[in-house]
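So you know, we letter chains A, B, ... as the sequences are listed, proteins then strands, and number each from 1.
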Amino acid sequence: MNRFPSYCTRLLFALALAACSREDPAPTTPAQDGHLALGNPSGAVTDAASPTNYLLLKPQYALSYHRDKGIPNWVSWHLSSAWLGASARQDDFRADPDLPAGWYQVSASSYSGSGFDRGHNCPSADRTASVADNSATFLMTNMIPQAPRNNQQTWGDLEEYCRTLARAGNELYIIQGQYGTGGVGSSGARTTIDNGRVTVPKRVWKVVVVLPVGTADATRVTASTRVIAVDTPNDNGLDPAWGGYRTSVDAIEAATGYDLLSAVAPAVQQAVEARVDNGPTQ
DNA sequence: CTGTTGGCC
DNA sequence: GGCCAACAG
């Protein structure tokens, strides 16, 4: 669940008290807040000596990259209406220039003919406030080989629902990742593509923390905060309805070994991570 | 790189 | 119409 020393708990509690004792300004306008405000699930670092858990921090999202799998371990981003605008989908899939020199660079054509989509983690449509923001989502470090039905239907619907929540006055902290090896695309089962350079993940998961619009602050998460955790098979035969794949954050942590929402107070983590969401799905 | 096509809500 | 794409030229 967490490895948070108790002094951190007390510190956060003190900070929360301090924040409450001040004159609170009225609810803030939607902002573009920190992508790792709720934690760094795998302790990723931007160090070439950490090729399987390499932290890439971009203005639009943060991710942990696995060089030898050619895909991210997880991608974390903030979503509020401040990220939503009128910029068109750029479709400029390309290699990520921010990887260390000498690492294999997955390219725009690496997935061609594989039977798997170039599936975004941080979706194109979540970053439409500027052309630069949208373009950043097309870096191949943000992609996984994703079964077309998983990507275009099940996942597409969940992403659309998240934007609906954002437009309705919420801000969301979203962490998506993948684990395991081997999926079933439109041309059958594969464990890798691109001559073995890119691993096809077995499962794709997402954790969504839904807060009313405010500042980036883990102390705003309470035991009653809505947290939606989903874990789907990367298999073209899956159900298009994402609601049936809901699970607990605890289950995703057990499957991945990550510590999710680690910046949230331990008692709150215990409450929200054990729960399975049963709220609306559209 | 542009234009076209296709599936789904 | 919007969003997810692949593919042809």
Side-chain angles (χ1 to χ4, degrees), chain A residues 60-61 63 70-72 75 77 79-97 105-168 170 172 174 176-178 183-190 192-195 197-198 200-201 203-206 208 228 230-246 279-282:
Chain A
Q60 296 82 10
Y61 52 87
L63 67 79
I71 57 175
V75 182
W77 68 100
L79 177 61
S80 71
S81 60
W83 288 102
L84 303 177
S87 297
R89 180 183 170 97
Q90 296 301 301
D91 264 324
D92 50 351
F93 293 93
R94 62 199 186 281
D96 191 329
Q105 296 209 329
V106 178
S107 73
S109 60
S110 290
Y111 293 21
S112 294
S114 68
F116 291 89
D117 282 359
R118 296 171 294 191
H120 285 72
N121 274 248
C122 179
S124 164
D126 278 14
R127 292 291 179 264
T128 53
S130 73
V131 168
D133 283 353
N134 186 261
S135 180
T137 70
F138 287 88
L139 294 167
M140 292 304 293
T141 48
N142 185 41
M143 304 295 168
I144 54 165
Q146 194 169 6
R149 283 177 194 275
N150 183 303
N151 182 35
Q152 299 175 28
Q153 296 179 38
T154 316
W155 223 245
D157 289 354
L158 174 52
E159 291 165 352
E160 190 59 46
Y161 178 61
C162 288
R163 286 187 291 275
T164 299
L165 291 174
R167 291 191 199 96
N170 297 292
L172 287 66
I174 304 173
Q176 173 170 342
Q178 27 276 330
V184 182
S186 59
S187 304
R190 300 287 297 272
T192 65
I193 61 174
D194 198 12
N195 296 314
R197 294 286 200 172
V198 176
V200 178
R203 307 282 303 190
V204 188
W205 56 268
K206 184 185 295 242
V208 183
I228 306 169
V230 174
D231 188 350
T232 66
N234 190 22
D235 185 322
N236 230 21
L238 88 173
D239 191 328
W242 63 266
Y245 293 107
R246 281 179 284 192
T281 58
Q282 56 183 336

Enquirer: Rounding to an integer number of Å, can you tell me how far Arg89(A) CZ sits from dC1(B) C1'?
Expert: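 The distance from CZ of Arg89(A) to C1' of dC1(B) comes to 15 Å, rounded to the nearest Å.
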Enquirer: What's the verdict on side-chain hydrogen bond (donor to acceptor under 3.5 Å, both in side chains) for Ser87(A) and Asp133(A), showing C-alpha distance, side-chain angles and the deciding distance?
Expert: CA-CA 9 Å; Ser87(A) 297; Asp133(A) 283 353; over 6 Å; no
Enquirer: For Asp157(A), check salt bridge (Lys or Arg N to Asp or Glu O under 4.0 Å) against everything at least two apart and list the hits.
Expert: none
Enquirer: Rounded off to whole Å, could you give me the CD-to-C1' distance for the Gln90(A) and dC1(B) pair?
Expert: 13 Å
Enquirer: Asp239(A): which residues meet the salt bridge (Lys or Arg N to Asp or Glu O under 4.0 Å) condition with it, sequence neighbours left out?
Expert: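 By the salt bridge (Lys or Arg N to Asp or Glu O under 4.0 Å) rule, Asp239(A) matches no residue at all.
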Enquirer: What residue pairs, at least two apart or across chains, pass ring pair (Phe, Tyr, Trp, His ring centres under 6.0 Å) with a residue in residues 135-160 of chain A?
Expert: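 Passing the test, one end in residues 135-160 of chain A: Phe93(A)-Phe138(A), His120(A)-Phe138(A).
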Enquirer: What is the distance, to the nearest angstrom, from the CG atom on Asp157(A) to the C1' atom on dC8(B)?
Expert: 8 Å
Enquirer: I'd like the 5' and 3' limits of the part of DNA chain C contacted by chain A, with heavy-atom contacts below 4.0 Å.
Expert: dC3(C) to dA6(C)
Enquirer: Give me the residues of residues 110-125 of chain A where at least one heavy atom lies under 4.0 Å from an atom of DNA chain C, by number, or none.
Expert: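 Output list: Phe116(A), Asp117(A), Arg118(A), Gly119(A), His120(A), Pro123(A), Ser124(A), Ala125(A).
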Enquirer: Check whether any side-chain heavy atom of Glu159(A) sits under 4.5 Å from a side-chain heavy atom of Lys206(A), and report yes or no.
Expert: yes
Enquirer: Quick one: list whatever passes side chain to side chain donor-acceptor pair (under 3.5 Å) with Gln152(A), sequence neighbours left out.
Expert: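 Once residues adjacent in sequence are excluded, the partners of Gln152(A) under the side chain to side chain donor-acceptor pair (under 3.5 Å) criterion are Asp117(A).
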Enquirer: Where along residues 158-168 of chain A does a heavy atom fall under 4.0 Å from DNA chain B?
Expert: none
Enquirer: Using 0.5 Å steps for rounding, measure from the CZ atom of Arg127(A) to the SG atom of Cys122(A).
Expert: 4.5 Å
Enquirer: Tell me, which of residues 146-156 of chain A have any heavy atom that sits under 4.0 Å from an atom in DNA chain C?
Expert: Asn151(A), Gln152(A)
Enquirer: How would you list, by chain and number, every residue that makes a ring pair (Phe, Tyr, Trp, His ring centres under 6.0 Å) with Trp242(A), sequence neighbours excluded?
Expert: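 Result, ring pair (Phe, Tyr, Trp, His ring centres under 6.0 Å) vs Trp242(A): Tyr161(A).
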Enquirer: Asn236(A) CG to dC8(B) C1': how many Å, rounded?
Expert: 13 Å
Enquirer: First locate atom CD1 of Ile71(A), then atom CD1 of Ile193(A), and finally report the distance between them rounded to the nearest 0.5 Å.
Expert: 9.5 Å
Enquirer: Suppose we screen for salt bridge (Lys or Arg N to Asp or Glu O under 4.0 Å). Which residues come up paired with Arg163(A), at least two apart in sequence or across chains?
Expert: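 In terms of salt bridge (Lys or Arg N to Asp or Glu O under 4.0 Å), with neighbours along the sequence ignored, Arg163(A) is linked to Asp126(A), Glu160(A).
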Enquirer: Can you name the nearest heavy-atom pair linking Ser124(A) to Thr137(A), along with the distance?
Expert: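 Shortest heavy-atom separation between Ser124(A) and Thr137(A) comes out as CA-OG1, 3.5 Å.
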Enquirer: Could you list the residues that satisfy salt bridge (Lys or Arg N to Asp or Glu O under 4.0 Å) with Asp194(A), not counting sequence neighbours?
Expert: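 None.
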Enquirer: Side chain to side chain donor-acceptor pair (under 3.5 Å) with Asp91(A): which residues, sequence neighbours excluded?
Expert: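 Partners of Asp91(A) under the side chain to side chain donor-acceptor pair (under 3.5 Å) test: Arg89(A).
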